[in-house]
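Report on the structure given below.
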Amino acid sequence: LIGICFVYVVEQREQPHLRGQPTTVVQYNSWKGGGLIVVSYEACKYGVKRSMRGDEAKQVCPQIQLVQVLVARGKADLSIYRNAGSEVVSILARKGRCERASIDEVYLDLTDAAEAMLAETPLESLEKIDEEALKSHILSLNEDGSDHKGNVKEWLHRSDADHHDKLLACGALIVAELRMQVLKETEFTCSAGITHNKVGSSVQFRCLSFILHHLMEGKLSSFAYAGQTSKWKQLGGKLGSSLQIDLGVNTVGELLQFSEEKLQERYGVNTGTWLWNIARGISGEEVEGRLLPNSHGSRKTVPGPRALKKIASVEHWLNELCEELSEYLHSDLEQNKRIAHTLTLHARAFKSSDSESQKNFPSKSCPLRYGSTKIKEDALNLFQAGLCEFLGSHRIKAQGSHYNGWGITSLSVTASKIVAIPSGTCSIMKYFHGQDQSNCSSKQANDRFVAEAAPLSPSGTERYSELHTTELPIEFRD
DNA sequence: CATTTAGATACC
DNA sequence: GGTATCTAA
């Protein structure tokens, strides 16, 4: 697993003066200093946690630098981090099969590259090992500070290693090379966890941040850290808590005592077997060859008390979300020649009198038509459809256009079923045209071609179509 | 008053 | 297509 960290994107390329400073990235800051989305290693040392608000972080570490996530269209815009991730992926993909795991993390299968390297040059005869590779942290090595690089060098050269460990050593060398290449081409530093399988690499990846600021102080061994089940991939959430609370398991070692049957009994056949295996270091998970996301989305959540009570505000936010989504779709089309086919809208409603009553609307989908104006129009229609069902199912009556304190607390638009335009299609316009012949209703035939041209026009040339507010069946009032 | 945003997946 | 849930930065 190879990852770049949001804070370093900002630090190294956008605001170099932050280098080496305890830094954190927050989204928004008007309420308690904003929510932290990432914390630099330096800030971790002061006890700054991601669960804190900006103000709390300042209490713990007064000199902390709070960097704000860019706000566009009234919402946090993570594009620069997503794009930074893409830059890195394109470099990593040269060396092996890549799977984009999150906005800034990638799994990279280096098996073939490592095998090839080993076949060419036996490690023992490797003359020069790059400084970068000597910075590696090897979990089986005792890191007591004595000649770290010497120890690493010895480990990498070891002739008594089995084939798998030699592959691992090659992996470390290749990753060192890649990290330098990434730095050269993008100015980003990245971290990597390298193991025999996917699950292990993510443990190591998390272990790395720990190592970088605690191990040197000798507080806990890296083995002990890596052993904590909560640090393992997929165990950072409810499943991990359940292991701890229901079975009393805190470390992977403690998980070993349970039979496969016992684990299956409690967690189901699949999860049970999966747990039994990972406790033994067995992970059959393949690195998927997926460089690009399967969906794009834009979501806005507002705190309960600020719930949207007027259809006009819902419309406003829907427009902002659709604008952002349309931008993603446009980039995807331009850069990857991919087209999304489904638009989905999710909404969540909240009743102020009862903090427990967060209810999702039925989500609604429709064919996705390109052009932000069309997307806005369709999204609003989907919202209306969801709202009608929602009001019906909750027996909320319109008492003079008043809805008893109900308001919208979350809106999201998602584009999915994203497929590559078949290669050989001579023009994108032609492709759009051809697609529509098959699945467009006849009433849209007249303006089809012009409408589909919209996403390809330079941004800023589109115009809002008039929204027919008077035709809306529902209206929220304060 | 209050994590927010993003994305994947399993199941019907 | 739609729902619900999970994970994680």
Side-chain angles (χ1 to χ4, degrees), chain A residues 1 3-9 24-40 49-57 68-72 74-79 81-82 84-85 99-105 191 202 205-206 209 230-242 268-271 288 290 292-307 321 324-325 328 341-348 350 352-353 355 358-368 382 385-386 389-390 393 407 409-418:
Chain A
L1 181 69
I4 53 171
C5 167
F6 285 4
V7 76
Y8 296 107
V9 170
T24 178
V25 177
V26 296
Q27 37 193 8
Y28 314 117
N29 68 354
S30 54
W31 189 70
K32 296 191 178 177
L36 275 56
I37 58 170
V38 73
V39 180
S40 76
K49 297 275 184 329
R50 223 187 56 77
S51 58
M52 292 175 172
R53 308 290 309 188
D55 290 351
E56 289 174 84
Q68 274 186 77
V69 173
L70 186 78
V71 173
K75 66 182 290 298
D77 182 353
L78 304 177
S79 298
Y81 308 109
R82 189 184 294 107
E99 174 182 338
R100 230 176 153 177
S102 76
I103 195 163
D104 71 337
E105 290 177 318
S191 311
S202 83
F205 182 76
R206 277 170 207 138
S209 71
S230 63
K231 307 300 173 194
W232 287 57
K233 181 173 180 270
Q234 311 278 275
L235 298 182
K238 296 197 173 173
L239 181 54
S241 298
S242 166
V269 181
N270 292 338
T271 306
E288 304 259 347
R290 195 189 64 233
L292 303 169
N294 293 327
S295 67
H296 296 295
S298 178
R299 195 182 295 186
K300 177 69 186 171
T301 308
V302 294
R306 291 226 186 125
L321 295 175
E324 189 179 19
L325 182 64
Y328 294 157
H341 285 90
T342 305
L343 175 69
T344 306
L345 180 130
H346 293 267
R348 172 171 277 232
F350 166 82
S352 47
S353 57
S355 60
Q358 286 269 358
K359 293 268 164 45
N360 281 326
F361 276 27
S363 68
K364 293 289 167 193
S365 302
C366 71
L368 193 151
L382 293 175
E389 272 183 41
F390 180 77
S393 68
T409 49
S410 171
L411 283 171
S412 92
V413 285
T414 306
S416 59
K417 301 235 175 87
I418 307 179

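This one's a predicted model, so the numbers in the text were calculated from it and none came from an experiment. In what follows, chains are A, B, ... by sequence order, proteins preceding strands, each numbered from 1.
Rounded to an integer number of Å, the gap from CD of A:Q68 to P of B:dT4 is 16 Å. Taking atom CG on A:L345 and atom C1' on C:dT3, their separation rounds to 14 Å, with Å as the unit. In this structure, the CG atom of A:L239 is 6 Å from the P atom of C:dT7, given to the nearest Å. Nucleotide B:dG7 holds its P atom 9 Å from the CZ atom of A:R100, rounded to whole Å.
Looking at A:E56, its side chain does come within 3.5 Å of a backbone N or O of A:R53 through a donor-acceptor pair. At distances below 3.5 Å, at least one donor-acceptor pair connects side-chain atoms of A:R290 with backbone N or O atoms of A:R100. Distance alone, capped at 3.5 Å, is enough to place a donor-acceptor pair between the A:Y28 side chain and the A:A76 backbone. Judged purely by atom type and a 3.5 angstrom limit, A:S241 uses its side chain to pair as donor or acceptor with the backbone of A:G237.
The aromatic rings of A:H296 and A:Y328 are tilted relative to each other, their planes meeting at an angle between 30° and 60°.
Close to B:dT5, at under 4.0 Å from its OP1 or OP2, lies a side-chain N or O of A:K300. Of the side-chain N and O atoms in A:T344, none sit less than 4.0 angstrom from OP1 or OP2 of C:dG1. Using a 4.0 Å cut-off, some side-chain N or O of A:K417 falls inside it from OP1 or OP2 of C:dG1. One finds a side-chain N or O of A:T301 lying less than 4.0 angstrom from the OP1 or OP2 phosphate oxygen of B:dT5. Within the 4.0 Å cut-off from OP1 or OP2 of B:dT5, at least one side-chain nitrogen or oxygen of A:Y28 is found.
Looking at heavy-atom distances under 4.0 Å, A:N294 makes contact with sugar-phosphate atoms alone, never a base. Across all strands shown, A:L36 has no heavy atoms under 4.0 Å from either base or sugar-phosphate atoms. Counting non-hydrogen atoms under 4.0 angstrom, A:Y81 reaches nothing in the nucleic acid. Using a 4.0 Å heavy-atom criterion, one finds that A:R206 contacts the sugar-phosphate atoms exclusively. Residue contacts for A:G237: at a heavy-atom cut-off of 4.0 Å it reaches the sugar-phosphate backbone alone, with no base atom in range. Across all strands, A:I103 comes closer than 4.0 Å to no nucleic acid atom at all (heavy-atom distances). Residue-level contact check: A:K233 touches the backbone only, with heavy atoms under 4.0 Å from sugar-phosphate atoms and none from bases. Using a 4.0 Å heavy-atom cutoff across all strands shown, A:S298 reaches sugar-phosphate atoms only and no base atom.
Across B:dT4, C:dT3, C:dC6, the shortest atom-to-atom separation from the side chain of A:S363 is found for C:dT3. If you check C:dT3, B:dA6, B:dT5 against the side chain of A:Q27, the one that comes closest is B:dT5. Closest approach to the A:R82 side chain among B:dA6, C:dA9, B:dA8 is made by B:dA6 (side chain taken as heavy atoms from C-beta onward). Ranking B:dA8, C:dA9, B:dA2 by closeness to the A:R50 side chain, first place goes to C:dA9. The side chain of A:K238 lies closest to C:dT7, out of C:dT7, B:dT5, C:dG2. Taking the side chain of A:S365 as heavy atoms from C-beta on, and the options C:dA9, C:dG1, C:dT7, the nearest nucleotide is C:dG1. When distances are taken from the side chain of A:L78 to each of B:dT4, C:dT3, B:dA6, the shortest belongs to B:dA6. The side chain of A:W31 has B:dA2 as its nearest neighbour among B:dA2, B:dA6, C:dT3. Of the listed nucleotides (B:dA6, C:dT7, C:dT3), B:dA6 has the atom at the smallest distance from the side chain of A:Y328.
C:dA9 and B:dA2 have their P atoms separated by 25 Å, given to the nearest Å.
Each of A:N360 and A:T342 was assigned the nucleotide of DNA chain C with the nearest heavy atom; the assignment lying further toward the 5' end belongs to A:T342.
Taking CD1 of A:I103 as the start and OG of A:S79 as the end, the distance is 8.0 Å to the nearest 0.5 Å.
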